[in-house]
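These notes are about the structure you will find just below.
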Number of protein chains: 2
Amino acid sequence: MATSTVENYLKHILLLSEGGEELVPMGALAEALAVVPGTVTTMVKSLADSGHVEHRPRQGVRLSAEGRRVALNVLRKHRLVETFLVNVLKMDWATVHAEAEQLEHAISDEVLDRLDALLGHPTTDPHGDPIPSRQGKIDSQVYATLATCVVEKGLRVVRITEQSAEFLQFADLNGLQPGASLRVTERNLAAGLVSVKKTTGRPLILSLAAAGKILVQPAR
Amino acid sequence: MATSTVENYLKHILLLSEGGEELVPMGALAEALAVVPGTVTTMVKSLADSGHVEHRPRQGVRLSAEGRRVALNVLRKHRLVETFLVNVLKMDWATVHAEAEQLEHAISDEVLDRLDALLGHPTTDPHGDPIPSRQGKIDSQVYATLATCVVEKGLRVVRITEQSAEFLQFADLNGLQPGASLRVTERNLAAGLVSVKKTTGRPLILSLAAAGKILVQPAR
DNA sequence: AGATTTATTTTGACTATTCAAAATAGGTCG
DNA sequence: CGACCTATTTTGAATAGTCAAAATAAATCT
């Protein structure tokens, strides 16, 4: 069995590689895992030995098929647990990430399946992040963000790509949850600001950085 | 924070000490934890350094007040998780122990409280084992067993003190769940056998060893 | 008491994971 | 081209937890 350290390395490689194909630089991985780069080199070599990744020295890491399988399973656990914590235990959107970070390594596939059924086989978690299927399929649709979308068209929030409690708290407070309807009224690249009008509530101004974390699609 | 290894040591010391007061022999602890005795000596010394236990060399270990607090919290997590797995996820009585063994170290106090509320603040888990309260109170009532109770009186099963899947499976199959009504029709110490008659279902013969694991109280 | 059995402790070694700091390989830029 | 910068790797050391096997203490049994 993979230890939770191994599971974490694989999960973060997956997350950093847009689906598991690209080479992830060692430095980026070290940053994501909050360890020094030397540690990553050591661990990645052992991950390569166990067949979970391919290591290109001085270039980066890539998941093997097996590594991808494990990583997707961990991600599935993470996101289903988050969904459970929010939908069933009514926990706060913003805090469930840290909880799930622990539980994802402790939950068995059996419990996972039952949780999945209890929740009605959701396809996204409370932040709109896609939940990999049991078979390891994951929605990889590319969405526009509030920083890149067309102006003055009706939009629907599909996902918030940021897991820090502060940002999620802020988003929640301002009605930026998946499903929310809104439109961008103005975008000023020079000032780095985006103005947003929600169907309900007062207008909102976001930095481009913040706007880039809100994924949207055209309202149907 | 206590690592899960530390939590496990403390939990097993609690379990082996009838409430945390008696000295637990090192060998018994090694056996319970499935490690060699030398490992227990090493770990217990470090547990003593951190103030979780008192170590009496060549005699055994005892929990400190702080160690007891941690141990009761872990036990509470274990038993609430088991209750959740059975009552909500409808998992099998016999298999939840192993699952809870993992989850008890991954679940936060916050999640624990919400789980407790969701389950309606249960006082026992599905096996009848008492769940410590948030404040660390635990029911320590002493019950008779099918091996020691009076014969030919109406009884009610309150608890099965055995967590192996095989035994629980057997108990379940034979209607020996907490709450079941029955009486002992005969006890033959020489042969080591106990005959039991349930209100419903056919008579049952148990070994004294098995009977000793079924705790009962007079039917009201 | 002396010998023996049994439980516990000690010693030395190993695995997994990490860090700090020095060494090195690839670029890049003037 | 050669100096320089940056990312990566190496090296040496630390911590947590474990085992195997030898040493020791305590208890028991003639």
Side-chain angles (χ1 to χ4, degrees), chain A residues 1-18 22-64 66-67 70-71 74 101-102 104-106, chain B residues 1-17 22-63 66-67 70-71 74 101-102 104-106:
Chain A
M1 276 297 102
T3 64
S4 43
T5 305
V6 167
E7 290 188 345
N8 263 331
Y9 273 79
L10 298 177
K11 182 185 69 172
H12 278 108
I13 296 169
L14 176 68
L15 254 16
L16 289 170
S17 65
E18 312 283 326
E22 336 284 337
L23 271 180
V24 174
M26 307 300 267
L29 191 49
E31 159 106 55
L33 290 160
V35 296
V36 301
T39 301
V40 168
T41 301
T42 309
M43 271 302 292
V44 160
K45 275 202 257 188
S46 105
L47 254 23
D49 285 348
S50 60
H52 288 103
V53 304
E54 177 194 351
H55 180 206
R56 291 285 188 73
R58 306 255 163 207
Q59 297 189 72
V61 237
R62 194 200 321 267
L63 290 175
S64 70
E66 171 61 6
V70 174
V74 175
E101 208 68 17
Q102 295 305 121
E104 66 190 6
H105 308 296
Chain B
M1 277 299 103
T3 65
S4 44
T5 306
V6 167
E7 290 188 344
N8 263 330
Y9 273 79
L10 298 177
K11 182 185 68 173
H12 278 108
I13 296 169
L14 177 68
L15 256 13
L16 289 170
S17 65
E22 336 284 336
L23 272 181
V24 174
M26 306 302 266
L29 191 49
E31 159 106 58
L33 290 160
V35 297
V36 301
T39 301
V40 168
T41 301
T42 310
M43 272 300 294
V44 161
K45 276 203 258 189
S46 104
L47 254 23
D49 284 348
S50 60
H52 288 103
V53 304
E54 176 194 349
H55 180 206
R56 292 284 188 74
R58 306 257 162 205
Q59 298 189 72
V61 237
R62 191 200 325 266
L63 291 175
E66 170 62 7
V70 175
V74 175
E101 208 68 18
Q102 295 305 122
E104 67 189 6
H105 309 295

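Proteins come first, then strands; the chains are lettered A, B, ... in the order of their sequence lines, and each starts at number 1. Values reported hereafter were calculated over all heavy atoms of this structure, with side chains retained and with hydrogens, waters and symmetry mates removed.
- Atom CD of B:E31 is separated from atom P of C:dT8 by 12 Å (rounded to the nearest Å).
- For D:dT8, neither phosphate oxygen OP1 nor OP2 lies less than 4.0 angstrom from any side-chain nitrogen or oxygen of A:H55.
- Residue B:T5 places at least one side-chain N or O under 4.0 Å from the OP1 or OP2 atom of D:dG17.
- Regarding contacts with the backbone of D:dA16, every side-chain N or O of B:Y9 stays at 4.0 angstrom or more from both OP1 and OP2.
- In this structure, the side chain of A:S46 does not engage the main chain of A:T42 through any donor-acceptor pair within 3.5 Å.
- Considering only side-chain N and O atoms, B:T39 lies under 4.0 angstrom from the phosphate OP1 or OP2 of D:dC19.
- Looking at heavy-atom distances under 4.0 Å, B:G27 makes contact with sugar-phosphate atoms alone, never a base.
- Between B:K45 and C:dT10 there is a side-chain N or O to OP1 or OP2 distance below 4.0 Å.
- Phosphate contact (OP1/OP2 of C:dA16, side-chain N/O of A:S46, threshold under 4.0 Å): absent.
- If you check C:dT18, C:dT8, D:dT8 against the side chain of A:M26, the one that comes closest is D:dT8.
- At least one side-chain heavy atom of A:V6 sits under 4.5 Å from a side-chain heavy atom of A:M43.
- A sub-4.0 Å separation between OP1 or OP2 of C:dT17 and a side-chain N or O of A:T3 is present.
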